[in-house]
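These notes are about the structure you will find just below.
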Protein chains: 2
Amino acid sequence: MSKQASEVAQGLAKQKGRTLSAIVELQIEQDIIDGLYRPGDRLDEEELAERLSTSRTPIREALRKLAAIDLVTIQPRSGARVSRPNMAQIIELFEVISALEGFAAKLAATRATDEQLAAIIAAHDTCEELAVSGDAKAYFDANGVFHRAIWTAANNLMLIDQITAVDKRLAPYRRQITFHPGRKQDSQSEHAQIARALAERQPEIAEKAMQEHVMILSDDALQLARDLRL
Amino acid sequence: MSKQASEVAQGLAKQKGRTLSAIVELQIEQDIIDGLYRPGDRLDEEELAERLSTSRTPIREALRKLAAIDLVTIQPRSGARVSRPNMAQIIELFEVISALEGFAAKLAATRATDEQLAAIIAAHDTCEELAVSGDAKAYFDANGVFHRAIWTAANNLMLIDQITAVDKRLAPYRRQITFHPGRKQDSQSEHAQIARALAERQPEIAEKAMQEHVMILSDDALQLARDLRL
DNA sequence: TTTGTATCTCTTGTATACTAGAGCTACAGA
DNA sequence: TCTGTAGCTCTAGTATACAAGAGATACAAA
């Protein structure tokens, strides 16, 4: 885990106007989302401090912030670990995000500007191409763009914050899902249904379609979590 | 602001198994929710440290955590203030919480145990009594109990976390709403509608009723925010 | 009077030193 | 061998010292 991260860390040019604490926070968060640190991994303060060439103070502040959004779990006098939700909690998180993303789709159906709608369609088209030709990683990224385009079209920044927060916690599990064979095709037809509902400005249909789309991911994620012996 | 808080702070018996940092966090959070610190108020580290009889370190960690959940806003090298969402953001937050609480009601309609349903009805009855006889503060608290009973009946802990997080941010605005004359009666009939839908196990109706109930609060909160010249 | 700038102050950001509790280790007794 | 406990070690929690940037202040020039 240390080699690659270390190099990334060295590349951290001291950014202006940002505190070390904030830079460290972003770095650790990204490492967790990227899977460099996996759920359950210990996050030793001194080790991190050395790796990121700072004192423990900014590390501690960063860990506290990550703990506040539940990406990290701190046991008093024992230390920080990457949070490892159990199966029940993963299901619950997917339920929450399905509700939030469903709501986003519902709002988007009535509020999306023409440009925002166009962006959604464009993202959908990209997914379509990559579903056939591209590699799994590319499709995963394109999928993210599609979803975020819908969040944006809801025109509610607080909602985006909220979805993003939950999304981060699910990242370690959600990441691998689209790699499953056959899933891409299914996902595409679901996306198509959602995109159509949005284009036709049908809030209820868009909401329901999105909710179901997300909950199907939940099943896959659970399978994955099971494979990882959670 | 300092007098009352100071006394509260002195009352902080050093709790076992809890870090100072955690105690301080809870204290500041409660002070914000209680309205002791109002949106926009400056949170001076040294002043807080003296008030709570600690060094700056636990204060800083607490403030960082509160900033992570957006209850506090930190401007680098300038300090922390109680977050002050603008009107648009308040509306957005109410939209988000209406979606989440609506979802909770929907889940509760199918998942609530008999005991949980009984608790909801009981809370509703308490509200009913207080709407007629009690003071505003008592009604506000009972209202909270009613809502939380529904969150609980959704049987999804992550959802509760999420709702709670948003609820905290709205606390300064939501707090005064039930004080408005006449609102209590309206609120009660809405509660009755929700309770009935839950008892009859009708998810869609419960969801819609809850969503509307919350969005009506939004209007009141906005009026309040306007009065406070936000 | 106003505006620009230099300096100074005051708070925050970071590092380091010190304290203390959790959990491991090793040894003694059953 | 197993179990309980003493103590030891190692990391986290807290305090304090030091650095640095933002914003205030005061003065000079237009």
Side-chain angles (χ1 to χ4, degrees), chain A residues 1-2 5 9-10 12-29 32 37 40-84, chain B residues 1-2 5 9-10 12-29 31-32 37 40-68 70-84:
Chain A
M1 94 180 42
S2 54
Q10 298 312 319
L12 280 180
K14 187 163 190 169
Q15 295 164 61
K16 214 186 60 180
R18 275 203 158 122
T19 64
L20 250 181
S21 175
I23 296 172
V24 166
E25 185 197 352
L26 286 176
Q27 181 64 44
I28 298 176
E29 177 181 307
I32 292 174
Y37 293 122
D41 279 358
R42 196 149 182 302
L43 298 167
D44 185 279
E45 293 180 1
E46 208 143 1
E47 189 183 307
L48 281 166
E50 191 173 3
R51 191 156 86 63
L52 303 178
S53 327
T54 71
S55 73
R56 277 174 55 219
T57 308
I59 303 288
R60 283 179 61 82
E61 293 186 351
L63 289 177
R64 289 303 181 291
K65 285 199 262 184
L66 294 174
I69 58 175
D70 281 313
L71 213 62
V72 153
T73 302
I74 295 176
Q75 199 93 40
R77 297 210 174 271
S78 160
R81 292 176 176 277
V82 178
S83 291
R84 186 162 66 158
Chain B
M1 94 178 43
S2 53
Q10 298 313 319
L12 281 180
K14 187 163 190 170
Q15 296 164 59
K16 214 184 60 177
R18 274 203 158 123
T19 64
L20 249 181
S21 175
I23 297 172
V24 166
E25 185 197 351
L26 286 176
Q27 181 64 45
I28 298 176
E29 177 182 306
D31 286 348
I32 293 173
Y37 292 123
D41 280 358
R42 196 149 181 304
L43 298 167
D44 185 280
E45 294 180 0
E46 209 143 1
E47 190 183 308
L48 281 165
E50 192 173 3
R51 191 156 86 64
L52 304 179
S53 326
T54 70
S55 73
R56 277 174 55 221
T57 307
I59 303 287
R60 283 179 62 82
E61 293 186 351
L63 289 176
R64 289 303 179 291
K65 285 200 262 184
L66 294 174
D70 282 312
L71 213 63
V72 152
T73 301
I74 295 176
Q75 199 94 38
R77 297 209 172 275
S78 162
R81 290 175 177 278
V82 179
S83 292
R84 186 163 67 157

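Side chains included, hydrogens not; waters and symmetry mates left out as well; all remaining heavy atoms used. In what follows, chains carry the letters A, B, and so on, assigned in the order in which the sequence lines appear, proteins first and then strands, with residues in each chain numbered from 1.
Of the two residues near DNA chain C, B:Asp44 and A:Ser55, the one whose nearest nucleotide lies more 5' is B:Asp44. Nearest-nucleotide positions on DNA chain C for A:Ser78 and A:Ser21 put A:Ser21 closer to the 5' end. Between A:Gly79 and A:Thr57, the residue anchored nearer the 5' end of DNA chain D, judged by the nucleotide with its closest heavy atom, is A:Gly79.
In this model, the phosphate group of C:dT12 is approached by a side-chain N or O of B:Arg42 to a distance below 4.0 Å at OP1 or OP2. Between D:dG13 and A:Arg64, a contact under 4.0 Å exists linking OP1 or OP2 to a side-chain N or O.
Using a cut-off of 4.0 Å between Lys/Arg side-chain N and Asp/Glu carboxylate O, B:Asp44 and B:Arg81 are scored as not salt-bridged. Looking at A:Glu45 and A:Arg60, a side-chain N of the basic residue comes within less than 4.0 Å of a carboxylate O on the acidic one, giving a salt bridge.
Residue A:Arg60 contributes atom CZ, which lies 14 Å from atom P of C:dA15 at whole-angstrom precision. The distance from atom CD1 of A:Ile74 to atom C1' of D:dT14 is 15 Å, rounded to the nearest whole Å. Rounded to whole Å, the distance from CD on A:Glu45 to P on C:dT14 is 15 Å. Here the C1' atom of nucleotide D:dT14 and the CG atom of B:Leu52 are 14 Å apart, to the nearest Å. The nearest whole Å value for the distance from the CD atom in A:Glu46 to the P atom in C:dA15 is 13 Å. Atoms CD (B:Gln75) and P (D:dG21) sit 16 Å apart, rounded to a whole Å. Atom CD1 of B:Ile59 is separated from atom P of D:dG13 by 16 Å (rounded to the nearest Å). Between the CD atom of A:Glu50 and the C1' atom of D:dT11 there is a distance of 15 Å, rounded to whole Å.
Note that CD of A:Gln27 and CG of A:Leu20 are 12.0 Å apart. Values are rounded to the nearest 0.5 Å.
Side-chain N/O atoms of B:Arg56 and base N/O atoms of C:dG13 include a donor-acceptor pair closer than 3.5 Å. Between the side chain of A:Arg77 and the base of C:dG23, no donor-acceptor pair under 3.5 Å is found.
Across all their heavy atoms, A:Ser21 and A:Ala62 have their closest contact at O-CB, 3.9 Å.
Evaluation of the side-chain hydrogen bond (donor to acceptor under 3.5 Å, both in side chains) rule for B:Thr54 yields no partner, not counting sequence neighbours.
Minimum atom distance to the side chain of A:Leu20 is reached by C:dT14, of the listed C:dT14, D:dG13, C:dG13.
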